[in-house]
Amino acid sequence: MSWGLDNLPYGVFSRAGQTPRVGVRYGDAVLDLAAALHDEVFTTGSLNAFMARGHRAWRDTRALIVNKLSTDRSLVQPHLVPLDQVTLHLPFEVADYVDFYCSIEHASNLGRMFRPDDEPLKPNWRHLPVGYHGRAGTVVVSGTPVARPNGQLGAGRFGPTAKLDIEAELGFVVGSPDGGSFEERVFGVTLVNDWSARDIQAWEYVPLGPFLGKSFATSISPWVTPLEALPRIEGRAQEPAPLPYLAREGDWGLDIALEVELNGEIVSRPPYRNMYWTPDQMLAHMTVNGATLRTGDLFASGTISGESPDTRGSFIELTWNGTEPLKLGDGQARTFLEDGDTVTIRATAGDISLGEVSGIVTPRA
Ligand SMILES: O=C(O)/C=C/C(=O)CC(=O)CC(=O)O
Ligand SMILES: [Ca+2]
Ligand SMILES: [Mg+2]
């Protein structure tokens with residue numbers, strides 16, 4: 001069962017006329033944690049206060065919830081609210097937002113398109129997980145419409161982007177700044193769509209990196225899946241061996257299968273297992289200079305692309321910068337996104353569903 005006792009992702013929900021509070025998804029319902037566990041921390045409308053308690057509290061609370069759902073079922077039954085009676089909200093207050101670039105396939109594809117006269121991978125790529133700081137304040141929950149951004153499209157050219165794109169990613173949520181290990185600091189995983197305006201990006205990014213081409217919106221799923229729920233696999237081989245601070249204790253990756261749907265049709269199936277840099281390495285890298293963490297920091301993996309064309313996690317790759325339009329089932333073709341398009345990214349890890357992140361493109365008002 002995708003939403004059973006081995007999953008139990010956290011989110012923030014409200015019933016009509018009530019203020020948002022924290023819950024856990026179980027089946028087609030949300031368990032109202034403030035009511036079921038008699039704990040004020042779940043009445044705050046964000047996961048941050050609970051996450052700040054630290055990893056022992058996360059583990060104990062999860063065990064308590066499993067226990068209540070499996071043994072005290074009649075006691076918690078009144079606190080299971082059917083999903084169709086709730087609105088789901090942004091699950092946590094995003095502190096800082098960092099976006100990495102950990103897929104070697106994605107980085108190579110983008111290099112070929114943006115820098116055709118260079119080697120596809122820059123010399124630093126195999127030595128560190130390349131990343132940038134994005135805009136935390138424009139991270140929105142799944143279902144929020146995304147307005148087509150305006151911007152500079154080249155010298156003297158201004159207007160709505162003609163190359164609106166998605167990036168299918170996983171996001172890691174920092175629960176507690178304390179502790180040394182990944183498991184002590186990272187609370188869970190969410191799905192990310194890092195919307196990108198490729199014409200704005202290509203013109204502005206030299207030499208400081210992504211700016212307005214990505215800062216207008218980043219969508220995340222309403223559920224944060226606890227790290228504990230996700231099965232691990234061995235990380236991908238790395239050549240050359242990374243520096244000691246990036247050497248991986250118990251080297252691990254995640255076997256998560258994503259799918260990208262455009263207007264109801266699956267257009268890609270990106271595999272997270274292919275990612276080159278691991279979540280552990282992203283966290284080690286972003287703190288190696290002494291930068292501190294805060295509860296609610298979100299760091300994303302970067303676009304997830306596999307080797308074959310039908311596993312690429314962005315339309316710029318799927319259509320090779322618009323030169324090879326995708327043919328859709330309804331006879332239409334698509335390069336970049338059009339107004340009215342809906343993109344939904346879903347993911348599963350074996351039987352565990354990570355839910356979906358969805359958004360419709362609206363015209364710039
Ligand atoms: O190669 C580039 O210049 C740009 C790459 C991206 O747009 C990717 C980015 O935001 C990071 C990622 O999602 O992998
Ligand atoms: Ca990105
Ligand atoms: Mg973005």
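Note that this is a predicted model, so its numbers are computed, not measured. Each ligand, and each atom within it, is numbered from 1 in the order the structure gives.
Looking at ligand 1, you'll find an N or O of Arg115 within less than 3.5 Å of one of its N or O atoms.
When each of Tyr132, Trp277, Tyr101, Phe172 is tested with Phe299 by the rule ring-ring contact (aromatic ring centres under 6.0 Å, His included), just one qualifies, namely Phe172. For the side chain to side chain contact (heavy atoms under 4.5 Å, CB included) test with Ser268, the passing option among Ile166, Val260, Leu258 is Val260; the others fail.
At a threshold of 4.0 Å, the pair Glu356-Arg346 counts as salt-bridged, since one of the basic side-chain nitrogens sits closer than that to a carboxylate oxygen. Salt bridge present: Glu167 and Arg198 bring a charged side-chain N and a carboxylate O closer than 4.0 Å. A salt bridge links Lys122 with Asp118; the closest basic N to acidic carboxylate O contact falls under 4.0 Å. Checked for salt-bridge contact, Arg21 and Asp32 meet the test: a charged N lies under 4.0 Å from a carboxylate O. Checked for salt-bridge contact, Asp117 and Arg112 miss the test: no charged N lies under 4.0 Å from a carboxylate O.
The distance from ligand 1 to the heavy atoms of Gly302 drops below 4.0 Å at these ligand atoms: 12 (C), 13 (O), 14 (O). Within ligand 1, counting atoms from 1 as listed, the ones closer than 4.0 Å to a heavy atom of Arg198 are 7 (O). Distances below 4.0 Å separate heavy atoms of Tyr132 from the following atoms of ligand 1: 10 (O). Near Asp99, meaning under 4.0 Å from any of its heavy atoms, are these atoms of ligand 1: 10 (O), 11 (C), 13 (O). Less than 4.0 angstrom separates some heavy atom of His106 from each of these atoms of ligand 1: 8 (C), 12 (C), 14 (O). Distances below 4.0 Å separate heavy atoms of Glu169 from the following atoms of ligand 1: 13 (O).
Side-chain polar atoms of Glu183 and His55 form no donor-acceptor pair below 3.5 angstrom. Between the side chains of Asp280 and Trp252, at least one donor N or O sits under 3.5 Å from an acceptor N or O. Judged by distance alone, the side chains of Ser353 and Ser2 never bring a donor and an acceptor atom under 3.5 Å apart.
By heavy-atom distance, the residue among Lys122, Gln201, Met113 lying nearest atom 7 (O) of ligand 1 is Gln201. Relative to atom 1 (O) of ligand 1, the option among Tyr101, Phe100, Trp125 with the closest non-hydrogen atom is Tyr101.
Legend: protein N/O/S atoms lying under 3.0 Å from the Ca ion (ligand 2), waters omitted, number 4.
Only side-chain heavy atoms of Tyr205 come within less than 4.0 Å of ligand 1; its backbone N, CA, C and O stay farther off. At a heavy-atom cutoff of 4.0 Å, ligand 1 is contacted by no atom of Arg112, backbone or side chain. Only the side chain of Phe114 comes within 4.0 Å of ligand 1, counting heavy atoms alone; its backbone N, CA, C and O stay farther away.
Here the two rings, on Phe114 and Tyr205, have centers that are under 6.0 Å apart. Taking the six-membered ring for Trp and the full ring otherwise, the centers of Trp58 and Phe187 sit less than 6.0 Å from each other.
Annotation: the span from Arg334 atom CZ to Phe315 atom CZ amounts to 8.0 Å, rounded to 0.5 Å.
Protein heavy atom in closest approach to atom 10 (O) of ligand 1: Lys214 NZ, 2.7 Å. Here the protein heavy atom with the shortest distance to atom 14 (O) of ligand 1 is Thr303 N, 3.0 Å.
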